[in-house]
Amino acid sequence: MYPKKQTLAVDRKHIWHPYTQMKDYAGRDPLVIVKGKGVKLYDADGNSYYDTISSWWCNVHGHGQPKINRGIQKQLQQLEHVLFAGITHPAAAELVSRLQDFLHPLLCRFFFSDNGSTSVEVALKMAFQYWQNQGNRTKTQFVFLENSYHGDTAGAMSVGGMELYHRLYAPLRFKSLQARSPNCRSCTHRKTEFTFTAQNPGCQLECFSSMEKILRQEKDRLAAVIVEPLMQGAGGISFYPAQYLKQLRALTSQLNILLIFDEVATGFGRTGSMFAFQQAKVVPDFICLSKGLTAGYLPLALTVTREKIYQAFYSDDTSAKTFFHGHTYTANPLACAAGIENLKLFKQKKLPASQAAVMRHFHGKLRAFKDLDFIGDIRYLGFIGAVDIVRSRKTKTLFAPESRIGFQIYVQALKNGLLLRPLGDTIYWFLPLVVTRKDIDIIMTKSRESLLAAIASADR
Ligand SMILES: Cc1ncc(COP(=O)(O)O)c(C=O)c1O
């Protein structure tokens, strides 16, 4: 293993990191992480950090989980990789059949790829081709939500609604239609001071009218609608009610428009149910899965769909009706082995239900932030929670963008042994399902200290 000094020297000279302004690191070293155990990461100097964002929302059962480690090692003795066109292997079959136990029987056809963006690309292309294969040449467009994020590849960006990430690439994106975001955090109809669980008394779901208008007007041109169910993640950890999904499913079914739920971030227990959309008690036409699929161990993704979609591609017409899409590492056996152990742990530990009380404990800790005037909003669902940092809630003033308060909190939190990566001025927790009450007490105490220290120095 390269020592810290050599790692940093090579990194500084050659490596370009994702979603990072490299100039921020001109006078500062990135963390050199050499070990992970449970909910903690360890750097090259032996310092530990709570991984409060589950290593970009993917870790589920903690780092170095012994059963997952053994599962991968066992698979390694047999087969590391094989192409997946015209070939199958036991790990892929076992993963799919274990996953079926957690899904509605209508969601029964599984297409593998290797990351969240590709799982979205697959759903978009399948939805588009579904109509083409049936001779319908007009249903070619997609509807997405303002503030949504579905990945960074060109197709996924075309249905992305985040100004900051997507504006520049507008000429590269195919034309899609944007409906208003349903997120409760910025809702003008919200009567409560904080969003909390996004269950606002008296809500008439006014936000649905924008979606409804587009669907009714454009139904003949629409292939599908894509949404992140219950939470717009990269769009500031913004929650919205399950009722929105119910109405969306009812209307898309009525108007013959396909529905894609992107569960890349929300899947695998994080929102308190195995998949977020299950809280709405509806069945979409596609779900996109990645991140937690392998418990955060290895890159793998699935696009899950219905038999009727599969049947529209099943044909003697090989040139027109085949789904011409695939990635080299599709259904990588080591990743599938991690996925199998992941799902076994869900079953054995009765997750996520068995952690409901710990989730409530977490919510209580979040609500306790309301005494701080620099907390603009508080919201949570399952093991995901977020607060917006403002200069003053009372006077409704924000920090100037140049003060980069989110980044200051990140730096402060590292000093306190927390990896707390912000989204702009939103600070969030995306906890692994393995956290205990004690972990939460420590994480939230350290978080509060970090927030207070960063705010104090910002105000000076
Ligand atoms: C909802 C959602 N979809 C898709 C993606 C893209 O996944 P990946 O980064 O694996 O390409 C993300 C990543 O954060 C996501 O949150």
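Scope of the values below: all heavy atoms of this structure, side chains included, with no hydrogens, waters or symmetry mates. Indexing begins at 1, ligand by ligand and atom by atom, following the structure's order. These numbers come from a predicted model, not from an experiment. Residue numbers run from 1 in the order of the sequence given.
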Inset, instruction - Select one of side chain, backbone, both or neither to describe which atoms of Glu228 lie under 4.0 Å from any atom of ligand 1, heavy atoms only. - result: side chain
Inset, instruction - Among all protein heavy atoms, pick out the one at the shortest distance from atom 12 (C) of ligand 1; state its residue, atom name and that distance to 0.1 Å. - result: Tyr149 CE2, 3.5 Å
Using a strict cut-off of 4.0 Å, indicate which atoms of ligand 1 neighbour a heavy atom of [X].
{"X": "Trp57", "result": "16 (O)"}
{"X": "Gly151", "result": "4 (C), 6 (C)"}
{"X": "Ala265", "result": "16 (O)"}
{"X": "Asp262", "result": "1 (C), 2 (C), 3 (N), 4 (C)"}
{"X": "Asn115", "result": "10 (O), 11 (O)"}

Does the ring centre of [Y] sit less than 6.0 Å away from the ring centre of [X]?
{"X": "Phe346", "Y": "His61", "answer": "yes"}
{"X": "Tyr49", "Y": "Tyr42", "answer": "no"}
{"X": "Phe323", "Y": "Phe111", "answer": "yes"}

Inset, instruction - Run down the list Ser290, Ser113, Gly116 and name the one with the heavy atom closest to atom 10 (O) of ligand 1. - result: Gly116
Legend entry - Nearest-option assignment for atom 6 (C) of ligand 1, heavy atoms, candidates Cys288, Ser117, Pro18, Ala234: Ser117
Legend entry - Side chains of Arg185 and Thr195, donor plus acceptor under 3.5 Å: no
Inset, instruction - Assess the side chains of Arg249 and Ser253: does a donor N or O sit below 3.5 Å from an acceptor N or O? - result: yes
Inset, instruction - Give a yes/no verdict on whether any heavy atom in Lys291 is under 4.0 Å from an atom of ligand 1. - result: yes
Legend entry - Within-shell test, Trp56 vs ligand 1, heavy atom, strictly < 4.0 Å: no
Inset, instruction - Look at the aromatic rings of His325 and His327 and report parallel, tilted or perpendicular, splitting at 30° and 60°. - result: perpendicular
Inset, instruction - Report the relative orientation of the aromatic rings in His81 and Tyr329; use parallel for angles under 30°, tilted for 30 to 60°, perpendicular for over 60°. - result: tilted
Inset, instruction - Let me see the working for Ile309 and Leu258 under side-chain contact (heavy atoms from CB on, under 4.5 Å), right down to the final yes or no. - result: CA-CA 10 Å; Ile309 306 289; Leu258 298 173; 3.9 Å; yes
